[in-house]
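Worksheet: one structure, shown below.
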Amino acid sequence: MKVIQLDIHNPPTLPPVALTIGNYDGVHLGHQALLSALSDDARQMQLAQAVMVFEPQPREFFLPDNPPARLTSIGEKISQIAKLGVDYLLVASFDDAFRSLSAQDFSALLKNLNVAHLVLGDDFRFGHDRVGDKAFLAKMGFSVDNLPSITQNGVRISSSKVREALANGKLEQAASLLGRAYSITGQVVHGDKIGRTFGFPTANVALNRLKPALHGVYAADVLAYRDGVLLDWQDLGEGQGVAGLMDGSRFAAVSVGLRPSVKGKDWRLEVHLPHFAGDLYGLELQVILTHFLHGERHYTSIEALTAGISQDVQDLLAWRHKQPK
């Protein structure tokens, strides 16, 4: 899959394409159904497949001080979409110029991108005037496949439903909507190094989003990568750690939140690997959430915080040892 940063003033030269457009936050089963329909249409019409996404996502642009929770970073989104056979991913910078495009201007952009066919969700609208829809596009000469909503147990699958499940600690429900376990992937970066002073060193994993979709304390399976290559944990440190549920993973106690007990102001993803000692800086960790323990807590003293962390690690290890693998 070729990833293209879309310049609306100088669009790339593409072969005739079938295109779908949206945030694709989470790349959940509803999104996957759209991409499957795109693949079918493109094959029948002998077109290349293309997806257009927005970065930042529109609501992040309009609400920078109170952004909505985000399921997937742009890197995670690219990774998931690439698995589905797409030829081109167009990343449109959602800025003042882009948001000011009228439906007519946007239609002209699609023609310049050599779009021959569109596959859209049933709620798709575009243009600052919000008049862009299937009827408008058909009038402008595009063929359009308007896919109905995908439901599960009578409920429409949406990014909002995934966020709701994660916010409530319902990892299995989120996984059923996504078609996979929920995970966050990011590079290990330097943090405050507070955890090691309590005896619980953590890897600070870059979230790459303004606000994550979940917070609290979790068990997780962790995979490590360097330059996209999966690494063997035996090559990374002195201690082997605790085996995760997934082959090749290591078990971790994970905290996602603002860290009110140490007056934190930014969202952090902190990963503690029991019985593991090694240098993970610069590596990319995929943190696959497997069990929700409790929401983020505010401890009134360092002693209480240390005791709380210790209890969390014990409880999560006890949960891990009860699992079949």
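Since this is a predicted model, take the numbers as computed values, not measurements.
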Take H272 and S255 through the test side chain to side chain contact (heavy atoms under 4.5 Å, CB included) and record every step on the way to the result. CA-CA 8 Å; H272 172 65; S255 172; over 6 Å; no
Cluster link [X] to [Y], ILVMFWY, side chain under 4.5 Å:
X	Y	answer
I21	L137	yes
L90	I81	no
L280	I184	yes
L289	V205	yes

Do the rings of [X] and [Y] sit parallel, tilted or perpendicular, given the 30° and 60° boundaries?
X	Y	answer
H31	H28	parallel
Y218	F292	tilted
F106	F126	tilted

Residue of the set [options] for which side-chain contact (heavy atoms from CB on, under 4.5 Å) holds with [X]:
X	options	answer
M52	L113, V115, I4	L113
V51	I78, L35, V27	L35
L19	L38, N114, L14, L118	L118

Would you say the rings of H190 and Y281 are close, in the sense that their centroids are separated by under 6.0 Å?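 When the ring centroids of Y281 and H190 are compared, they turn out to be within the sub-6.0 Å range.
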Close aromatic pair by centroid cut-off 6.0 Å: F54 and F61: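 No, too far apart.
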Side-chain heavy atoms of L210 within contact of R70, under 4.5 Å: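 No, too far: nothing below the 4.5 Å cut-off.
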Step through the shown structure and confirm whether more than 12 heavy atoms of other residues, nucleotides or ligands are within 6.0 Å of [atom1] on [X].
X	atom1	value
E172	CD	no
R156	CZ	yes
D227	CG	no
R59	CZ	no
K134	NZ	yes
K111	NZ	yes

Got a salt bridge between D41 and R43, using NZ or NE/NH1/NH2 to carboxylate O under 4.0 Å?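 No, this pair does not count.
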So, S93 and E55: side-chain donor and acceptor under 3.5 Å apart, yes or no?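 Side chains of S93 and E55: no pair found under 3.5 Å.
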